[in-house]
Amino acid sequence: MFFSVIIPLYNKEQFIGCTIKSILAQTFADFEIIVVNDGSTDAGAEIVAAIADSRIRLFNKENAGVSNARNYGIANASGRYIALMDADDRWDAKYLERMHEVILSHPEGRIFACCNAEVSKSGKLKINPVKNLLSDSISVLDYDSAFLNTLESPIHTSAVIFDKDLFDSYRFDEDIRIGQDLYLWLTMSRNHKVIMSNEVLSYYDRSDINAATARLAPLHVTLIPRLAEMLLSENDDVRRKLLTRLILNRIKRYYLFKNNALTREIISRCNFTDALWQQRLFFALPKWMMRLAYRFVKKLPDADSSDE
C-alpha cells in the first residue's frame, strides 16, 4: 500500500460524501481511506459506511478531538506514506498521482506538499501565496523562510503527505485544540525540508465557518503558548522572527478582549524589533481605540469582550 488517507470525521455529514468521492476519483489507485468517526452525532458515519469500496476503512470511537482522531488513524494505517484530508475538503483527481511523482523524484524527502486554495462562497479561489515563491514545478522548500515571507503556512493539512516513519517521532499534540496542525508542521520542518509541488491540487471550503462571530477558545488550549515556549529557546533569526510575528498575529483578540496574566506574559516574551511595523503600531496604540477598530472591521459582538 503506497498511501493511507486519514480523515477525522466529526459532524460533517453535509461534506463527507463529496470529500470521499474526490478521493475515489483519483487517477492513482494504490491507497486506502481511513475514516475515524470521532463520536459524531449526525449521519456522517452512516454515509461513509454506505459507500461500497473495499479501500475504505471506518473506525468508530468516542469523541476525543481531531488530533486524537488523526493519531488513531495514522497508528492503524497500512500505507508507506500518510496523506491527510479534512472531512470537508477535496482534491483534484490527479493529486495522488502528482504527489507520487514528487515522492519518486525526491526519494530523500520525508515531507511532501502541494499548493492549496481556499474556495469562497462565490466559488472564487484564493491560492496560497507560497505558489508565488516557487520557480520550479518541484522545489525543496525552506518552510520557515517561506512562512516568514507570506505569514501563511506553506503547508495545509489536506495538501501534505509525509513518510509514516515520522510518526515514531512526531504526532499531533492532543492537548492543543486550536492550531495543532500548524504546531506539527513547525516541529517537523525544524529537521526536515519540505518537497513542494507548485500545482494547486487541494481545495478547502470555508463558507460554512462564521469566523467573525466565533468566540475565543481558552488561550491555554491554543497553539499560542507553544509558540511562546519555542520562542524562549530559539536562536535562529528567521524562526525567531516567524514565531514572534505568529504570536502577535494570533494573540490580538486575547489582548483586546481576554487580557489576562497568560496573555500579558506571552506578549512580554516577544521582542518587538522582530515584529512587523503594523504589529508594533497595533500594540502601541490605546487598547480602547484598537478594540473599537477591531470590532468595526470584524463585526464582533459586544459579548465577546472580557478583561480577565
Side-chain angles (χ1 to χ4, degrees), residues 2-7 15 18-23 25-28 31 70 81-163 166 172 179-190 192-207 209 211 238-239 242 245-246 249:
F2 200 86
F3 292 116
S4 288
V5 183
I6 311 299
I7 307 176
F15 301 108
C18 290
T19 296
I20 290 182
K21 182 179 179 181
S22 83
I23 302 172
Q26 293 295 301
T27 55
F28 183 89
F31 64 84
R70 286 181 180 141
Y81 293 92
I82 302 299
L84 299 175
M85 183 67 143
D86 283 343
D88 52 358
D89 294 344
R90 62 182 175 86
W91 288 336
D92 182 279
K94 292 189 176 182
Y95 172 73
L96 291 181
E97 178 184 339
R98 292 285 192 257
M99 296 310 294
H100 178 254
E101 293 170 358
V102 171
I103 291 168
L104 294 185
S105 71
H106 287 76
E108 80 285 1
R110 310 295 296 282
I111 308 170
F112 308 88
C114 73
C115 295
N116 65 287
E118 178 180 350
V119 183
S120 71
K121 289 182 179 180
S122 63
K124 185 177 180 181
L125 297 183
K126 177 187 175 184
I127 297 174
N128 190 313
V130 71
K131 183 172 176 61
N132 299 325
L133 306 178
L134 303 174
S135 56
D136 300 319
S137 59
I138 301 174
S139 303
V140 179
L141 187 74
D142 184 308
Y143 180 84
D144 287 357
S145 297
F147 202 162
L148 183 64
N149 185 291
T150 64
L151 273 188
E152 185 170 336
S153 176
I155 295 176
H156 181 264
T157 303
S158 295
V160 64
I161 291 171
F162 56 87
D163 191 319
L166 288 180
F172 286 98
Q180 63 279 353
D181 48 355
L182 179 54
Y183 183 66
L184 184 61
W185 315 144
L186 284 166
T187 53
M188 274 188 174
S189 65
R190 191 69 169 135
H192 303 281
K193 296 289 186 181
V194 179
I195 313 302
M196 188 144 197
S197 167
N198 69 353
E199 290 187 85
V200 179
L201 299 168
S202 178
Y203 304 89
Y204 65 104
D205 182 352
R206 290 296 176 262
S207 62
I209 296 177
V238 172
R239 178 157 282 221
L242 173 61
R245 295 173 187 183
L246 288 177
N249 267 1

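Annotation for I161 and A83: closest pair CG1-CB, 3.7 Å, computed over non-hydrogen atoms. For the residue pair M85 and W91, the shortest heavy atom distance occurs at SD-NE1, 3.4 Å. Of all the heavy atoms in V130 and C115, the pair that sits closest is CG1-SG, 4.2 Å. Y95 approaches V160 most closely through the heavy-atom pair OH-N, 3.6 Å.
For F2 and Y81, the ring centers are positioned less than 6.0 Å apart.
Between the CG atom of L242 and the CG atom of L148 there is a distance of 6.0 Å, given to the nearest 0.5 Å. With rounding to the nearest 0.5 Å, the separation of CG in L133 from CG in N198 is 11.5 Å. Rounded to the nearest 0.5 Å, atoms CD1 (I195) and CE (M99) are 9.5 Å apart. To the nearest 0.5 Å, the span separating CD1 on I127 from CD on E152 amounts to 11.0 Å. Note that OG of S4 and CG of L84 are 10.5 Å apart. Values are rounded to the nearest 0.5 Å. Note that CZ of F162 and CD1 of I155 are 10.0 Å apart. Values are rounded to the nearest 0.5 Å.
Partners of D181 under the salt bridge (Lys or Arg N to Asp or Glu O under 4.0 Å) rule, at least two apart in sequence or in another chain, do not exist in this structure.
A side-chain donor-acceptor contact under 3.5 Å links Q26 to the backbone of L96. Remark: side-chain polar atoms of T19 are paired, donor with acceptor, to backbone N or O of D89 under 3.5 angstrom. Checking side-chain atoms of S158 against main-chain N and O of D86 turns up a donor-acceptor pair under 3.5 Å.
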(request) Just do the side-chain contact (heavy atoms from CB on, under 4.5 Å) check on L125 and V200 with the steps written out, would you? (result) CA-CA 10 Å; L125 297 183; V200 179; 5.6 Å; no

(request) Please test T157 against R70 for side-chain contact (heavy atoms from CB on, under 4.5 Å), starting from the C-alpha separation and ending with a verdict. (result) CA-CA 11 Å; T157 303; R70 286 181 180 141; 3.5 Å; yes

(request) Walk me through it: do L151 and L246 pass the test side-chain contact (heavy atoms from CB on, under 4.5 Å)? (result) CA-CA 7 Å; L151 273 188; L246 288 177; 4.3 Å; yes

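More than 12 heavy atoms of other residues, nucleotides or ligands lie within 6.0 Å of NZ in K131, so this atom counts as buried by the packing criterion.
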Side-chain donor/acceptor pairs under 3.5 Å, residues 100-114, sequence neighbours excluded:
residue : atom : partner : partner atom : Å
S105    : OG   : E101    : O            : 3.4
S105    : OG   : V102    : O            : 2.7
R110    : NE   : D163    : OD2          : 3.4

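The stretch residues 133-148 participates, sequence neighbours left out, in these side-chain hydrogen bond (donor to acceptor under 3.5 Å, both in side chains) pairs: D142-S145, D142-K193, Y143-S153, D144-R239.
A 4.5 Å side-chain heavy-atom check between L141 and P154 finds at least one atom pair inside the cut-off. W185 is not listed as a side-chain neighbour of F147, based on a closest heavy-atom distance of 4.5 Å or more. Counting heavy atoms from C-beta outward, L166 and H192 have side chains that approach closer than 4.5 Å. Here the side chains of E199 and K94 are not in contact, with every heavy-atom distance at 4.5 Å or above.
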